[in-house]
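Order of appearance sets the numbers: ligands from 1, and atoms from 1 within every ligand. Just so it is clear, the values below take in all heavy atoms, side chains as well, and ignore hydrogens, waters and symmetry mates. Here the structure is a predicted model, which means the values were calculated and not measured.
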Amino acid sequence: MKVIALDGPAGSGKSTIAGMLAEKIGFLHADSGAIYRTLTLASMQKLGAGNSPQDFGELFQKAVLDPDQLGIQVVLADGKQSNRIGQADVGREIRTPEVTSRIRFIADNVPCRNTVNRLLREFAEQTGVVADGRDMGTVVFPDTPNKFFLEASVEVRARRRYEEMLGQGSSSQSLAEIERDIARRDQEDRSRAVGALRKADDAILIDTSDLSRDGVLSRILAHIQYRF
Ligand code: DC
């Protein structure tokens, strides 16, 4: 298997970097967060979103859903990962704050994690992948020699996310709200009983706070270029 594992907290830039890196070396960008998001949206469609994330959490915990029966499909289309529910590509719908605030129930659920991990490993059987997430280097692809962990302060990550949203037209959240969300998600992601956000012992740590995207990319390339 040809795998580059790229882990890090929300907003550390890993998705952007993973996309750039995958394109550069002709690998697939496998976005594990998008699969958790798709499972979350499919669960919301099945159970209702509840009035609050807590309400949804109760619905989800009572329902005992089989993640493999939720109808999600994660497929390669035109060399990219397409996240589908039934036949519909839900690539945009999975990015809403409603989905993001309910993901933790899915991410804490071991059968859901197993489904995501299986889909990612199936991708890696078919093609070279740059896998981005929280537990790629520790749980899903522990044997790959190419592991990176991207980091940046909460403030830097919130500002990036805010500017990204403004760049797409407008931001539905203020900078302070984004900062609060990111801090909360860090706490959830780091304290998860299974698949917690953690740097693998053999991963290379890159603090992206003061680096451009190209700067991060060239550091990664410097470490992997002779391995494939
Ligand atoms: O990368 P992202 O922000 O789209 O991920 C959304 C959430 O999915 C993240 O807050 C926790 C969960 N997740 C996870 O538990 N494990 C992963 N490997 C990737 C994401």
Side-chain angles (χ1 to χ4, degrees), residues 3-19 21-22 28-44 53 56-57 60 67 70 72 74 80-83 90-124 129-142 144 147-152 154 157-158 160-162 164-165 168 173 177-200 203 208:
V3 177
I4 297 169
L6 206 57
D7 288 308
S12 57
K14 48 181 198 327
S15 260
T16 307
I17 299 294
L21 176 61
L28 167 74
H29 171 201
D31 180 349
S32 62
I35 312 180
Y36 283 101
R37 289 173 180 280
T38 306
L39 277 176
T40 305
L41 181 62
S43 305
M44 288 163 66
F56 170 76
F60 180 75
L70 283 170
I72 78 157
V74 184
K80 288 199 183 325
Q81 174 179 328
S82 169
N83 308 289
V90 291
R92 286 177 67 86
E93 293 87 333
I94 59 175
R95 306 271 163 206
T96 62
E98 288 71 31
V99 171
T100 304
S101 62
R102 288 162 176 78
I103 290 179
R104 64 177 190 272
F105 302 105
I106 278 71
D108 281 341
N109 178 274
V110 172
C112 287
R113 298 204 75 86
N114 291 339
T115 294
V116 175
N117 298 349
R118 194 194 70 234
L119 291 167
L120 292 165
R121 292 184 187 123
E122 281 171 14
F123 271 152
V129 297
V130 179
D132 105 59
R134 307 291 189 287
D135 57 347
M136 300 300 102
T138 49
V139 175
V140 187
F141 300 112
T144 180
K147 298 181 187 176
F148 299 89
F149 193 89
L150 305 190
E151 233 177 28
V154 174
R157 289 186 276 135
R160 278 191 196 141
R161 183 66 41 107
Y162 184 61
E164 186 184 312
M165 288 167 103
Q168 288 164 2
Q173 291 180 292
E177 281 171 335
I178 296 177
E179 205 170 305
R180 227 179 16 248
D181 274 7
I182 286 187
R184 181 180 44 76
R185 215 130 62 86
D186 278 3
Q187 156 67 17
E188 288 167 9
D189 287 353
R190 288 185 206 279
S191 58
R192 177 157 295 125
V194 183
L197 170 66
R198 185 172 70 73
K199 177 187 163 304
T208 70

Task: Interatomic distance, Ser32 atom OG to Arg113 atom CZ [nearest 0.5 angstrom] - done: 8.0 Å
Task: From His29 atom NE2 to Thr16 atom OG1, the distance as rounded to the nearest 0.5 Å - done: 8.5 Å
- [ ] Could you tell me if any non-hydrogen atom of Arg104 lies under 4.0 Å from any atom of ligand 1?
- [x] no
Compute whether any side-chain donor of one residue and acceptor of the other, for [X] and [Y], lie under 3.5 angstrom apart.
| X | Y | answer |
| --- | --- | --- |
| Arg160 | Thr208 | yes |
| Thr100 | Arg95 | no |
| Gln81 | Asn83 | yes |

Task: Arg198, Arg134, Arg184, Arg104 screened by side chain to side chain donor-acceptor pair (under 3.5 Å) with Asp189, the one that passes - done: Arg134
Tell me: protein heavy atom nearest [atom], and distance?
| atom | result |
| --- | --- |
| atom 9 (C) of ligand 1 | Arg134 NH2, 3.3 Å |
| atom 3 (O) of ligand 1 | Arg185 NH1, 3.1 Å |
| atom 18 (N) of ligand 1 | Asp135 OD1, 2.8 Å |
| atom 4 (O) of ligand 1 | Arg37 NE, 2.8 Å |
| atom 15 (O) of ligand 1 | Arg113 NH1, 2.9 Å |
| atom 8 (O) of ligand 1 | Ile103 CG2, 3.5 Å |
| atom 13 (N) of ligand 1 | Tyr36 CD1, 3.6 Å |

Task: Residue pair Arg157, Asp186: steps toward the salt bridge (charged side-chain N to carboxylate O under 4.0 Å, His left out) verdict - done: CA-CA 11 Å; Arg157 289 186 276 135; Asp186 278 3; 2.6 Å; yes
Task: Residue Met136 vicinity, atoms of ligand 1 by number, heavy atom under 4.0 Å - done: 18 (N)
Open item on the list: I need the atoms of ligand 1 closer than 4.0 Å to a non-hydrogen atom of Ser32, numbered in the order shown.
Closed with: 17 (C), 18 (N), 19 (C)
Open item on the list: Which residue is it: Leu28, Leu120, Thr144, Ile4? I am looking for the one with a side-chain contact (heavy atoms from CB on, under 4.5 Å) to Val129.
Closed with: Leu28
Open item on the list: For Asp189, which part has a heavy atom under 4.0 Å from ligand 1: side chain, backbone, both, or neither?
Closed with: side chain
- [ ] Using a 4.0 Å heavy-atom threshold (strictly under), name the region of Glu188 that reaches ligand 1: side chain, backbone, both or neither.
- [x] neither
